[in-house]
2 protein chains.
Amino acid sequence: MTSSHKQSKKQDLPPTAWAVLGLLSFPGERTGYELKKWADSSLRFFYWSPAISQIYAELRRLEELGYATSARSGPEEARAKRRYAITAAGREALAGWAGDTAEAGPPVLKHGLLLRVWMGHLSEPERLRALVGEHVERTLAELAAVREAMEHAAEVPEWGFPALALRWSERQHLAELDLARALLADLDDLAGLPGVDAPGAPEAAAPARGAVGEAPPAGRPGARRP
Amino acid sequence: MTSSHKQSKKQDLPPTAWAVLGLLSFPGERTGYELKKWADSSLRFFYWSPAISQIYAELRRLEELGYATSARSGPEEARAKRRYAITAAGREALAGWAGDTAEAGPPVLKHGLLLRVWMGHLSEPERLRALVGEHVERTLAELAAVREAMEHAAEVPEWGFPALALRWSERQHLAELDLARALLADLDDLAGLPGVDAPGAPEAAAPARGAVGEAPPAGRPGARRP
DNA sequence: TTGCCCATGTAATTTGTTACATGATTTA
DNA sequence: TAAATCATGTAACAAATTACATGGGCAA
């Protein structure tokens, strides 16, 4: 078991494989099914929750690489229940990946709402505003889900880092709500109706000031009516 | 060539196809190459910039569907320069997609840094802080790129909506910087060193207040040292 | 006894990437 | 005249999804 096993390219797995291995890096053994449920209430808030079929595929790959082991229980036949655990090699590889500066790229954001705003000339102004409203609704629902997950995470003391990640996600969703409010205001400006039909909130502005470069405080961008 | 052409499923294209069609929805005809460059300085900030080879593929598909037309110029031979334009059918379909409430899902975010923080037990605290620092650097660079793109967008009067999207992106990046600052503070707390080695900024807090549910103001989460 | 949750997997397909091939036009 | 940029495409592959197949255990 020395020469040319299968480990062709050691440190070059897709992010999903590392994410699954990360799930395994917490104490305890679990099944693919359990991993999926856990991902649904943690990773999905700031990263991604793979399809269950992909989790099984990654688990097999990780085992082939020697990064995980499995013990089957129940029927000795095919499709027996398998509980997976990380190996020492797996832990080491994962730690290497997690700390690798080159590996960590920029965050990936695909924001469907903004794509629609960008081509806003195709929609009625009202439709656009409605889309933003739906986005706010979805964000509120997500925020509630994050907070629920936070309660679970708070129960277990060794989940300090997962709790941190969830706190980040909570703030991120709050920021998303602020961005939506500002977007709505800009949309009004561009439509040429300055501040008339705003239904609720009385101009709660002051968005994201930073030590970096102050966000253009005066003078909205559009507002060019002939 | 009338009966069963190829348009099997009318309104069911991948988001990338719609994005490319969206690029085409602005006045003027352009080549795939030009589309790619434009996407690199607009769509990529809040959505995504497809590979050039995929742009060509999508353009061919859009033409097959009758959503775009192309006129070749230069050599009549193969691989002639092609300028694409949207058709009336294309514009209609795109408008339908853009306004469709069911079509617009939640934004997709894959944040590699947070994935690493989530499994922070695998890294040295210093490494983790360094990763956050790099993220801040990247974000600042992106922010500068957004601002440069905004200058270009400001030149052309009919780019009101693209300008809005860029403004959103600018604020989004500023929010990301705030989130990184808060994350760093939480990391310090969890490490047990409360607020000592903060190098620069004198506690510029007050992140995202919202009418929704105030972000836990007092009492940090971790801070449980034995 | 029907339906739901647990649990694992295969197959087909879509989406998207990188690497490669080719050549024209512009700029230094 | 060499290099960069413009410009279009093909081929091979990777990543990930959906749909499907299978079956045990448990609760209404």
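Heavy-atom basis, side chains included; hydrogens, waters and symmetry copies ignored. Within every chain, numbering begins at 1; the chains are lettered A, B, ... in the order of the sequence lines, protein sequences first and strands thereafter.
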| Aromatic plane relationship, B:Phe46 with A:Trp118 - under 30° parallel, 30 to 60° tilted, over 60° perpendicular | tilted

| side chain to side chain contact (heavy atoms under 4.5 Å, CB included) with A:Ala104: which residues, sequence neighbours excluded? | B:Arg116

| A:Val108: partners by side chain to side chain contact (heavy atoms under 4.5 Å, CB included), with sequence neighbours left out | B:Lys110

| query | Among all residues two or more places apart in sequence or in another chain, which pass the side chain to side chain contact (heavy atoms under 4.5 Å, CB included) test with A:Ala51? | reply | A:Ser53

| request: Please report, rounded to the nearest Å, how far the C1' atom of C:dT17 is from the CD atom of B:Glu58. | output: 13 Å

| field | Of the listed nucleotides D:dT8, D:dC6, C:dG9, the one nearest the side chain of A:Tyr84 | value | C:dG9

| note | Ranking B:Arg60 and A:Pro14 by the position along DNA chain D of their nearest nucleotide, the one closer to 5' is B:Arg60

Anything under 3.5 Å between a donor and an acceptor, one on a side chain of residues 21-28 of chain B, the other on a protein residue two or more places apart or in another chain? List them.
| from | atom 1 | to | atom 2 | distance (Å) |
| --- | --- | --- | --- | --- |
| B:Ser25 | OG | A:His121 | NE2 | 3.0 |
| B:Ser25 | OG | B:Gly22 | O | 2.7 |

| message | Checking B:His173 now: which residues fulfil ring pair (Phe, Tyr, Trp, His ring centres under 6.0 Å) with it, not counting sequence neighbours? | response | none

| Side-chain N,O (A:Lys110) to OP1/OP2 (C:dT15) below 4.0 Å | no

| By side chain to side chain donor-acceptor pair (under 3.5 Å), which residues pair with B:Asp40, not counting sequence neighbours? | B:Lys36, B:Ser49

| Could you give the OH-to-C1' distance, from B:Tyr56 to D:dA11, as a whole number of Å? | 17 Å

| query | Could you give the NZ-to-P distance, from A:Lys81 to C:dT8, as a whole number of Å? | reply | 7 Å

| request: Give me the bend of the helix from C:dT1-D:dA28 to C:dA28-D:dT1, using the axes of the five pairs at each end, rounded to 10°. | output: 30°

| request: Please report, rounded to the nearest Å, how far the P atom of C:dG9 is from the NZ atom of A:Lys36. | output: 17 Å

| task | Apply salt bridge (Lys or Arg N to Asp or Glu O under 4.0 Å) to A:Arg138 and list each qualifying residue two or more places apart in sequence or on a separate chain. | result | none

| Any donor and acceptor pair, going by atom type alone, linking the side chain of B:Ser169 with main-chain N or O of B:Ala165 inside 3.5 Å? | no

| Whole-Å distance between D:dC6 C1' and B:Arg82 CZ? | 17 Å

| message | Could you tell me if B:Glu63 and B:Ser70 have a donor-acceptor pair between their side chains, going purely by distance under 3.5 Å? | response | yes

| task | Could you check how far CG of A:Leu35 sits from C1' of C:dG9, rounded to whole Å? | result | 16 Å

| message | Would you say A:Lys37 places a side-chain N or O within less than 4.0 Å of OP1 or OP2 belonging to C:dC6? | response | yes

| Residues within residues 21-34 of chain B bordering DNA chain D, heavy-atom distance below 4.0 Å | B:Thr31, B:Gly32, B:Tyr33, B:Glu34

| message | Generate the contact string for nucleotides 18-27 of chain D. Rules: B means base contact, S means sugar-phosphate contact only, - means no protein heavy atom under 4.0 Å. | response | B---BS----

| field | Rounded distance (Å) that lies between atom C1' of D:dT17 and atom CD1 of A:Ile55 | value | 13 Å

| query | Sequence neighbours excluded, which residues qualify as side chain to side chain donor-acceptor pair (under 3.5 Å) partners of B:His152? | reply | none

| task | Please check the phosphate of C:dT15 (OP1 and OP2 only) for any side-chain N or O of B:Arg61 closer than 4.0 Å. | result | yes

| message | Expressed as a whole number of angstroms, how long is the span from B:Trp48:CH2 to C:dT15:C1'? | response | 8 Å

| message | Which residues pass the side chain to side chain contact (heavy atoms under 4.5 Å, CB included) test with B:Glu29, not counting sequence neighbours? | response | B:Arg83, B:Ala85

